[in-house]
Amino acid sequence: LRRYEPVLHPYLVSGTSLNVASGRISYVYNFRGPAISIDTACSSSIVTSHSALAAICAGEITRAMSCGVQALLNEHITGVFHSSGMLAADGRCKALDVSADGYVRGEARGVIYLEILGEDEKNDDGIFLAGSCVNQDGRSSSLTAPNGPTQRVVIQTALNRAQVSPNKLDQLPF
């Protein structure tokens with residue numbers, strides 16, 4: 001790895017700080033209400049969506065935007081993950097495959113708009129979200145490996161909160 005030499009720029013702090021990003025986005029679009037940045041690594045998008053849905057269900061807000069972004073801006077982080085043996089040797093994603101030998105980093109972004117629709121409102125253009133849940137896996141075999149029993153608990157909890165049985169999922173309106 002080559003030596004990292006920082007470029008000092010007035011936007012260095014505000015452009016790389018998570019706690020500034022959500023506030024600046026709210027400012028640009030004139031959003032009102034909580035502007036929260038959440039960093040839980042690979043689960044950040046689902047945790048933000050869960051938090052937004054929980055606030056809607058609690059009556060704290062009526063609608064929300066949930067956004068997730070991953071940009072690979074620092075080559076040193078990828079280098080550390082590679083030297084730690086966390087990345088797939090061939091650069092190919094093989095999730096849930098017996099030949100999986102690490103994970104693959106990638107860039108992406110997504111935004112969802114959440115609101116509770118009334119009984120008379122029809123939602124043909126969106127996704128029906130029946131329930132959600134988040135948790136921490138506790139002890140796992142490695143940093144990048146999930147804990148199967150804990151994953152089952154979080155799925156069952158989300159189903160219970162949505163009052164949906166697993167065999168009825170294909171009958172939901174989405």
Side-chain angles (χ1 to χ4, degrees), residues 18-72 81 86 88 92-100 102-174:
L18 288 177
N19 58 353
V20 173
S22 56
R24 296 317 300 162
I25 291 168
S26 294
Y27 172 81
V28 168
Y29 292 104
N30 199 26
F31 293 155
R32 306 279 201 241
I36 302 168
S37 297
I38 296 175
D39 181 2
T40 57
C42 56
S43 64
S44 296
S45 295
I46 201 163
V47 173
T48 61
S49 299
H50 171 75
S51 298
L53 181 63
I56 291 171
C57 291
E60 297 169 3
I61 56 177
T62 58
R63 58 191 177 277
M65 299 286 288
S66 176
C67 173
V69 177
Q70 169 69 6
L72 306 177
F81 288 161
M86 296 167 63
R92 296 188 179 271
C93 183
K94 299 174 284 286
L96 307 176
D97 190 282
V98 70
S99 66
Y103 79 104
V104 178
R105 298 187 80 210
E107 296 183 317
R109 52 79 182 106
V111 178
I112 63 170
Y113 173 81
L114 298 166
E115 74 175 329
I116 296 176
L117 298 178
E119 292 292 326
D120 58 338
E121 295 179 279
K122 194 170 181 182
N123 185 12
D124 291 333
D125 299 325
I127 297 172
F128 178 79
L129 185 58
S132 72
C133 184
V134 297
N135 71 352
Q136 211 313 326
D137 276 355
R139 291 187 176 158
S140 298
S141 60
S142 75
L143 177 64
T144 59
N147 177 317
T150 307
Q151 294 291 308
R152 282 190 286 283
V153 168
V154 77
I155 292 168
Q156 188 60 56
T157 302
L159 290 169
N160 291 346
R161 287 182 181 168
Q163 300 177 346
V164 175
S165 66
N167 60 349
K168 299 288 184 185
L169 284 175
D170 62 345
Q171 299 170 10
L172 293 175
F174 52 80

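Small disclaimer: the values here were computed from a predicted structure and weren't measured. Numbers here simply count residues along the sequence, with the first being 1. Side-chain atoms are counted along with the backbone in the values below, which use heavy atoms only and exclude waters and symmetry mates.
Looking at every heavy atom in both residues, Ala41 comes nearest to Asp39 through N-OD1, 3.1 Å. Contact record, Ala52 with Ile61: O-CD1, 4.1 Å, taken as the closest heavy-atom pair. For the residue pair Lys94 and Ala100, the shortest heavy atom distance occurs at O-CB, 3.2 Å. Listed here is the closest heavy atom pair of Arg92 and Val104: C-CG2, 3.4 Å. Of all non-hydrogen atoms in Asn167 and Ser165, the two that sit nearest each other are OD1-OG, 2.5 Å.
Within 6.0 Å of OH on Tyr113 lie more than 12 heavy atoms contributed by other residues, nucleotides or ligands. The number of heavy-atom neighbours closer than 6.0 Å to CD1 of Ile56, taken from other residues, nucleotides and ligands shown, is above 12. No more than 12 heavy atoms of other residues, nucleotides or ligands shown are found within 6.0 angstrom of CD on Gln163.
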Output a table of donor-acceptor pairs, distance under 3.5 Å, between side-chain atoms of residues 129-139 and any protein atom two or more places apart or on a different chain; print 'none' if there are none.
unit_1	atom_1	unit_2	atom_2	d
Ser132	OG	His50	ND1	2.6
Asn135	ND2	Thr150	O	3.4
Gln136	OE1	Gly138	N	2.5
Asp137	OD1	Gln151	NE2	2.8
Asp137	OD2	Asn147	N	3.1
Asp137	OD2	Gln151	NE2	3.2

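The structure places CE of Met65 at 10.0 Å from OG of Ser26, a figure rounded to the nearest 0.5 Å.
The backbone N or O of Ala108 sits nowhere less than 3.5 Å from a side-chain atom of Gln70 that would complete a donor-acceptor pair.
For Ile36, the side chain to side chain contact (heavy atoms under 4.5 Å, CB included) partners are Pro34, Ile38, not counting sequence neighbours.
Between Ile112 and Ser49, some side-chain heavy-atom pair lies under the 4.5 Å cut-off.
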